[in-house]
Undergrad: 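Encoded as structure tokens, here's the structure I'll be asking about.
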Amino acid sequence: MKYNEYKQLDYAGLAEEVRAYWKQNRVFEKSVETREGNPTFVFYEGPPSANGAPGIHHVMARAVKDIFCRYKTLQGFQVVRKGGWDTHGLPIELQVEKELGIIKDDIGKTISVEEYNARCRETVMRFKHQWDDLTERMGYWVDLNNPYITFDNQYIESNWALLKKLYDKGYLYKGYTIQPYSPSDGTGLSSHELNQPGCYKEVKDTSIVAQFKVTRDAQSDFLFTRPTGDVFILAWTTTPWTLPSNTALAVGEKISYVQINTFNPYTHQPVSVVLAKALVGKYFSEKNKDLALTDYKPGDKAIPYEMVQEFTGRELVGLRYEQLMPYLQPFYDADKAFQVIAGDFVTTEDGTGVVHTSPTFGADDFRVAKQHGIPALTVKDELGNELPTVDKRGKFINEIGLRLQEGVQKYNIKTHKPLGPDDFYVKNYTNEDESHPDYKNTDVIISIILKEENKAFKVEKYEHTYPHSWRTDKPILYYPLDAWFIKTTAVKSRLIELNKTINWKPESTGSGRFGNWLENLVDWNLSRSRYWGTPLPIWRTEDGDEEICIGSVVELDREIERSVAAGVMTENPLRKAGGTGATAEASEKESLLDKAEELLKKAIGAEDENAQFQMGDFDYYSFDLHRPYVDNIVLVSPSGKPMKRETDLIDVWFDSGAMPYAQWHYPFENKEIFEQNFPADFIAEGVDQTRGWFFTLHALAVMLEDSVAFKNVIANGLVLDKNGNKMSKRLGNAIDPFETIGRFGPDATRWYMIVNAPPWDNLKFNIDGITEIQRRFFGTLQNTYSFFALYANLDGFTFQEAEVPVAQRTESDRWIISRLNTLVQEVAAFFDDYDPTKAARAIQDFVTDDLSNWYVRLNRKRFWKGELNQDKRAAYQTLYTCLETVAKLASPIAPFYMDRLFLDLNRVSGRSQAESIHLEFFPDVQQDLIDVDLEQRMHLAQTVSSLVHSLRKKQMIKVRQPLSRILVPILDEKTKNQLQAVEDLILSEVNVKTLEYLEDTTGILVKKIKPNFKRLGQVFGPKLKLVTAQIQQMGQEDIAKMEREGFFEIPLGEDDTTVLSREDVEILSEDIPGWLVASEGSLTVALDITITEDLKLEGMARELVNRLQNLRKDSGLDVQDKIRVFLQEGQEEVAAALRAYGAYISEEVQAVELKLVPEISDATVLELDEFNLPVHLEVAH
RNA sequence: GGGCUUGUAGCUCAGGUGGUUAGAGCGCUACACUGAUAAUGUAGAGGUCCGUGGUUCGAGUCCACGCAGGCCCA
């Protein structure tokens, strides 16, 4: 049996062949099966969405996942990899809407929800085959045959079970969140709708800088040192209608603020105001700076001011102030209201650097208020529901309207019509005639009242862009809308605590991005008002007094039965074939009628009359838990009232965060499997998932299991184009993964992506980089293999014999084996640390530098010369072991190529029973074979050789010309011993006869002395410069004295001295007078370049060998062919060389005859340096 | 605006705990070598280590403030 030899390797074709081999031999399946019973390594696949084509970045992300799963398999772990699909969500809905040319509003009107969802279901898997294809082509091993699918009824049922568990724990509640809302059409708007062209309009609104009166207490006392009048904090708003519901003021902690004494421009009363220092110029004119406060008379145009003090926002945090418009009081947490808090969104771009906060009408406001426990200003309706101060039509509630009406009367405000308490719309939603001379909108009325009451510091028109409804063109409001939340804040500290146990790669994503997110956690808003998603399983009575959270299909069935019995529903759709929208597969399935019959029998047979439907009794394909079917189900409350489902869908991130449970239809089935596969040992996704999947996995695991969901995580970066720009189809810089893999094969593509940058850095993807990897790494490795295969085949080396004991192998064999074991150790450590890049780099450096460029180069002759003796066998065995081990180490990253390499080797040797490298085991480190000294001295040999090469180069003496000796000055005994051990290697590598050591007793070495800065710096500190100068002044004699005596005294300053010890300096030899020297670090090499007559002849012999070898090759001779050689007489040099080295030449070129002849027919002319030589060469038979 | 992250040769990247002459590969130039040859060796050119301050005897490395790119969030 022969080792496969390849003329030219087609990497992409090779991968396809290996892929077919894997498929045929079920290698992936076996890689899991053969590990049955072993410890498991749990991996979770973050589900991709198949509604778009996969991109090159998916190759990157999936390569990372694949590498560690394969690595752990090699280590003997069983790694079950269940694939999955993310199938719900807005992107799919938007895509369908785009394709159908409809908008969300049309759903339920021009298209039924049923049709719409059917369309989504169909769209979502549109690119599945492309994904599957890429998965296989790139060699990502994941179980595609039994994936979890998030729209599956069983998956949804699992979600429901989890939701119910959260509900029962009190973690699921209905609250509100601030969203864009259009009173003119009575509906919320999505951010997508808000981004429609024309929605943002340029409008002029009334803006107010309001004065919030500071309450004097211990903390605020520093503001009352010398104020004139009351102390106020100035806060700016462009929505004065939100002022009655103000409950806090936000400042920036790091922003500088000032206190200024001045006069209110409307009431002319003395006031002392606080605002951001950077914005003083906006309200106070520089030219009034010098006016005296005492000179001010009410009505003066120029208002004097005086800066009292400056401080940071941090000092304001916690201050209390009086409610600006005390019309209503918060009915909970009232003691927390009306204080200054820190807000990270506060800027000094405009306004006063203080932001008026109204938790019911601003998203930021809502968030910071929540974080600081500030209450919102709301009222309770007759049912006890919390309502904001503005109703859903955009009008102030009666309580506020009455007070505004009072204000209008009290301050004699002229309006275009008499205003009742029900007339205060916050925007013009009633189409009032704005051109009426006395028309005043609510904002204006509020500003007049505030001016009168000495609460407004500045009122002006402000032009800005403001969003409007795309239907009615009326302004929208940011308004609290109902939503269901998961109370993640309840477990915040536990989330943070457990996060600290997760190994994040990179660490900063875990502690920084993710950690900060947890620190600023708000409750998880689950609600989505869409159609294609997991429905929220909560049914409620209209008054909200009674509700039920459904946790399973069985439970739903039971409740429907109750509802049917109560006459609320007429039939149970779950028990009717096709009742709730049977999917296509359903018709092919067993009819539920049969099922029902069976159940009936069961029920009759059962003793328990109340025998219930049980899990497993349902045909999950005969109904559909999606909208609209689930909305048609009306349940009945304990008190007999109908309960309708809350129409919300849940956030799709819940779907994916639930995958550890729902992928197994847990808790309904597979309890054991779930328990064995939770939590994950490892997951990997893009860093953009930090607040997505990483968070939802973590949150659900902590809330449901009080555990992490994953122990190790790689958050990988983006794949950018070669210029560092984001790839996009629009820009045309997107890379097609199929094309790339088709051209370069998956191995080089994967290797490039991994070796080039750590996964968590962004990758600048450059096709040229793959070419380079292919040439440099795969090409070199393949060359090495080819070299091995060529000679192993000639010699019939099959590695059947016993291994030559390592101790009996050559220095270079033992060296490469030592390096190999060091490599195994390093690679394992890097993989264990989830750092594939360092692993790949280590392997690559080993292959190109150590194995190919040093070991093989140095040992070529051993492979092609002579019989298959023990030395040759040792060489083959060594190289074989290196190749096989490298294949194993690299197989997680380049799975196809390495398997082929392994199989090509193993096919002949049969050393392994495994059908594939991926069924093999990761090599053990053989510590006893690692010889650090040996590695060091080989490094020394490489350095010396390099120095000699460089000297030859300078003298233009070719390597083929032998030289007589190298001289190395020896400064310490160890170096000498090290060098002696590798002497032969060096001499043959650089073609020199002897290596001599120059012990420094003669004094002919010129030495150099350098301070040991690290040591001296610690001792002398600031005086180091003096010491350095003194050391540099030391002459050859001083250095010799120091070496002799071990210390040296130097002057230090005026009349101080210090004694330097041998360790304080570094002494190296720099030059040998009269020799050609080169040095690197502390190593110096001198070369004797005298070419004697004999050396010259030997050089000539080598020249002849070289030319004849070339001729053999050019003539197309086989390596083992014997030849006869005839040379033209006439060159004395040639004749002399032949006399002296004829035997050597004959052996090298495998000549059975080599002689000079007077006449040559059929001659080829060899070109030598100084003459041409006609020769004739023929094969000897 | 906030959080995180990156910035070192034309390109891609290394540069524990500070130590004085900042490296590798590719690319470029020149030369050499040639039973691995679409390989290899040697040498050369190529650097305000993003900027500005600071700490220190000494900063690519530590600190502060910026600038530019990226991601996420507002």
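Chain identifiers are assigned alphabetically (A, B, ...) following the order of the sequence lines, protein sequences preceding nucleic acid strands; residue numbering begins at 1 within each chain. What you see below is based on every heavy atom in this structure, not just the backbone, and it leaves out hydrogens, waters and symmetry mates.
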Undergrad: At under 4.0 Å between heavy atoms, what does A:Asn520 touch on the DNA or RNA strands: base, sugar-phosphate, or nothing?
TA: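 The answer is nothing, as A:Asn520 stays clear of every strand by at least 4.0 Å.
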
Undergrad: For A:Ser508 and B:rU5, is the shortest distance between a side-chain N/O and OP1 or OP2 below 4.0 Å?
TA: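 So the side-chain polar atoms of A:Ser508 do come within 4.0 Å of the phosphate oxygens OP1 or OP2 of B:rU5, strictly under.
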
Undergrad: Counting the atoms with a prime plus P, OP1 and OP2 as sugar-phosphate, which does A:Thr690 contact under 4.0 Å by heavy atoms, base, sugar-phosphate, or nothing?
TA: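 Contact class for A:Thr690: none.
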
Undergrad: Looking only at the side chains, is there a donor atom on one of A:Asp1064 and A:Asn1012 sitting less than 3.5 Å from an acceptor on the other?
TA: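 No.
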
Undergrad: Any protein N or O atoms within reach of nucleotides 67-70 of chain B? Criterion: under 3.5 Å, listing atom names and distances.
TA:
| from | atom 1 | to | atom 2 | distance (Å) |
| --- | --- | --- | --- | --- |
| B:rG70 | O2' | A:Asn762 | ND2 | 2.9 |

Undergrad: Base, sugar-phosphate alone, or nothing: which one does A:Asn1012 contact when heavy atoms must sit under 4.0 Å apart?
TA: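 Answer is nothing: A:Asn1012 stays at 4.0 Å or more from every strand.
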
Undergrad: Identify the two heavy atoms, one from A:Leu851 and one from A:Cys882, that lie closest to each other, and give their separation to 0.1 Å.
TA: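 Taking every non-hydrogen atom into account, CD1-CB, 3.8 Å.
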
Undergrad: Where do A:Tyr752 and A:Asp768 land on the side chain to side chain donor-acceptor pair (under 3.5 Å) test, with the steps shown first?
TA: CA-CA 10 Å; A:Tyr752 163 71; A:Asp768 297 340; over 6 Å; no

Undergrad: So what does A:Gln1109 hit on the nucleic acid, given a heavy-atom distance under 4.0 Å: a base, only sugar-phosphate, or nothing?
TA: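 Result for A:Gln1109 = base.
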
Undergrad: Is there a side-chain contact between A:Lys764 and the phosphate of B:rU12, meaning an N or O under 4.0 Å from OP1 or OP2?
TA: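 Answer is yes, contact under 4.0 Å.
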
Undergrad: Are A:Trp854 and A:Asp849 close enough that a side-chain donor and a side-chain acceptor fall under 3.5 Å?
TA: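 There is no such pair between these side chains.
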
Undergrad: Thinking salt bridges, do A:Arg857 and A:Glu989 make one under a 4.0 Å N-O criterion?
TA: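 Yes, A:Arg857 and A:Glu989 are salt-bridged.
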
Undergrad: I need the minimum non-hydrogen distance between A:Gln774 and A:Ala748, along with the two atoms involved.
TA: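 What the structure gives for the nearest pair is NE2-CB, 4.1 Å.
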
Undergrad: In terms of the nearest nucleotide of RNA chain B, which residue is placed more toward the 5' end: A:Glu772 or A:Trp760?
TA: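 Its nearest nucleotide being more 5', the pick is A:Trp760.
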
Undergrad: So, A:Lys838 and A:Asp833, do they make that salt bridge, N to O below 4.0 Å?
TA: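 Between A:Asp833 and A:Lys838 there is no salt bridge, as every charged N stays at least 4.0 Å from the carboxylate O atoms.
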
Undergrad: Heavy atoms only, 4.0 Å cut-off, all strands: where does A:Gly1017 land among base, sugar-phosphate and nothing?
TA: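 Base contact.
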
Undergrad: Of all the nucleotides listed (B:rC71, B:rA14, B:rC4), which has the minimum atom distance to the side chain of A:Asn516?
TA: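 Selected nucleotide: B:rC4.
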
Undergrad: Name the closest nucleotide to the A:Val687 side chain, picking from B:rC71, B:rC72, B:rU12.
TA: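 Closest nucleotide to the A:Val687 side chain: B:rC71.
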
Undergrad: Report, as a single string ordered 5' to 3', how protein heavy atoms within less than 4.0 Å touch nucleotides 36-45 of chain B: B base, S sugar-phosphate only, - not at all.
TA: B-BSSSBS--

Undergrad: What about the rings of A:Tyr791 and A:Phe863, do their centers lie closer together than 6.0 Å?
TA: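 Not under 6.0 Å, so no.
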
Undergrad: With a 4.5 Å heavy-atom cut-off, do A:Trp504 and A:Phe694 have their side chains touching?
TA: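 Side chain of A:Trp504 against side chain of A:Phe694, heavy atoms only: contact under 4.5 Å found.
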
